[in-house]
Number of protein chains: 2
Amino acid sequence: MKTDDAGPLRSGPLRPRERIIKTARELFRRHGMRGVGVDAIAEQAGTNKMTLYRHFGSKDDLIIACLRDVAAENEQIWTDLETANPGDPLAQVHAWLRVGAECAVGDDRGCDMANAAIELAEHDHPARHVIEEFKKAHRNRLAQLCRDAGIAKADLLADSLWLLLEGARVSNQSVGAAGPSAHFIAIGEAMIAAFAQETPAKPKARARAAVVA
Amino acid sequence: MKTDDAGPLRSGPLRPRERIIKTARELFRRHGMRGVGVDAIAEQAGTNKMTLYRHFGSKDDLIIACLRDVAAENEQIWTDLETANPGDPLAQVHAWLRVGAECAVGDDRGCDMANAAIELAEHDHPARHVIEEFKKAHRNRLAQLCRDAGIAKADLLADSLWLLLEGARVSNQSVGAAGPSAHFIAIGEAMIAAFAQETPAKPKARARAAVVA
DNA sequence: ACTGGCTGTTACCGGTCTGTAACATTGCGC
DNA sequence: GCGCAATGTTACAGACCGGTAACAGCCAGT
């Protein structure tokens, strides 16, 4: 009851390495990567700085490990999207929108990856590769989904939805979740409707793409 | 030729206060607010730390002054929008899109305000008021423009374009300007077309709103 | 020429940060 | 029970940071 309280995660079922990553992600998220020191991370993780430095050679290495952890966690979202709507790419696009809304509305600290890209301004920071690859992969997966769904301007729709999500998550940090990002789903559905048909002049849309209310 | 070279701005026509703000904005932009010290700012501005602290009581004060400077600079954009298309709100909306594209494509460090909101993670940071007011004002002005243009779902369009711009500017910092933000104008025009008409089912759009190619 | 305000210079304080060294301790596999 | 690897503890180095004090010079307005 003295050291193993609910706050910091002391020696639980997780090994120090996992606890450090988990704690670092939370503290980075709350205070920014440059706003928290390795000492605070180690202490909050129920360990000490030496152990931290034995697992991660430097703070940058820890940052990279955290970002990789974020990326691994996001893999689950895509598999969930597939298993929830097997063989139905269009439904998966709509489901993606709903998942994105949860990310955009239920959280006021945005995307860890995007935040890291802003905070680690140096162009040659080693973490930038991780960020770029992650973001590109996310966008490309979304584009593939749109193509599989038979959407006319699939890549343009993917870019639109992608920018919408990026914008919503960063917007939350300036004007809050009650701002424009509150209409995330409505806007996304409108985008899907707009890009699903061949051209705005020709209303000869495919039947399977006219699901939007 | 020894001290007044092209690099740092030494005693030019600007007073120390202006030079400090100008220099701080540039350095903040390049390295992040937490990534540059007041000493470096003062030196690069051709002055010293004491003068800096005589004008700005603290680094936070300097940050706020910089953000106010950004806000003041952006005022010009709106007046330019009005003078370039006097009495034509719809044209101003399209012009806004083009100006936004320049912001989004011609720059890889995003919006100073949004970046500050991310970097200054503390919810009670004094600069947050400036950021929030600025962003809300920008969005509201855009919404007023859309309403004046007679666009059906004016507020929804404003939110869409707003999120699109926010997304494009933050996206540049992870995947670069050649990524999704390259299609900023195309997406924006599609959104204008989509929200200009009353409902997607009723193609009875107003004539003045059907300017999009 | 004088004066008063603005600016420059130097030195310093206390704190915090990343990263390391040396040593003590725990705990698990055998 | 032993040994070895992982972990904890303490102390420290070196750098940087925000912020202040005391004093020296400059320059415009009168």
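Order of the sequence lines sets the chain letters (A, B, ...), proteins ahead of strands, with each chain counted from 1. Every heavy atom of this structure was used, including side-chain atoms; hydrogens, water molecules and symmetry mates were not.
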Student check: side-chain heavy atoms of L165(B) and H138(B) closer than 4.5 Å
yes
In terms of the nearest nucleotide of DNA chain C, which residue is placed more toward the 5' end: K59(A) or M50(A)?
K59(A)
L52(A) has an atom CG; how far is it from atom P of dT20(C), in whole Å?
12 Å
Given atom CG of D39(A) and atom P of dT16(C), what is their separation to the nearest angstrom?
11 Å
Quick one: is dT7(D) close enough that its OP1 or OP2 comes under 4.0 Å of any side-chain N or O from H55(A)?
yes
Does one side chain, of E119(B) or N115(B), offer a donor that lies under 3.5 Å from an acceptor on the other?
no
Once you round it to whole Å, what is the distance between P of dG19(C) and CG of L62(A)?
10 Å
Exercise: do H183(B) and D155(A) side chains pair donor with acceptor under 3.5 Å:
no
Nearest-nucleotide check on DNA chain D, S58(B) vs T51(A); residue mapping nearer the 5' end is T51(A)
Tell me the interatomic distance from N48(B), atom CG, to dC12(C), atom C1', rounded to whole angstroms.
15 Å
Per the atom types in the model, does the base of dG19(D) pair as donor or acceptor with the side chain of K49(B) at under 3.5 Å?
yes
Between dG19(D) (P) and I20(B) (CD1): distance, integer Å
14 Å
Within less than 4.0 Å of OP1 or OP2 of dT7(C), is there a side-chain N or O belonging to R17(B)?
no
For the pair made of CD1 in I41(B) and C1' in dC17(D), what is the distance, rounded to whole Å?
12 Å
Checking only heavy atoms, does the side chain of R54(B) share a donor-acceptor pair with the base of dG8(C) at less than 3.5 Å?
yes
Can you find a heavy atom in the side chain of D159(A) that is under 4.5 Å from one in the side chain of F195(A)?
no
Just how far, in rounded Å, is P of dT9(C) from CD of E43(B)?
11 Å
Picking from dG8(D), dG18(D), dT20(C), which would you name as closest to the side chain of T47(A)?
dG8(D)
Using atom CE of M33(A) as one end and atom P of dC17(C) as the other, report the distance to the nearest whole Å.
17 Å
If you round to the nearest 0.5 Å, how far is CD of E133(A) from CZ of R68(A)?
10.0 Å
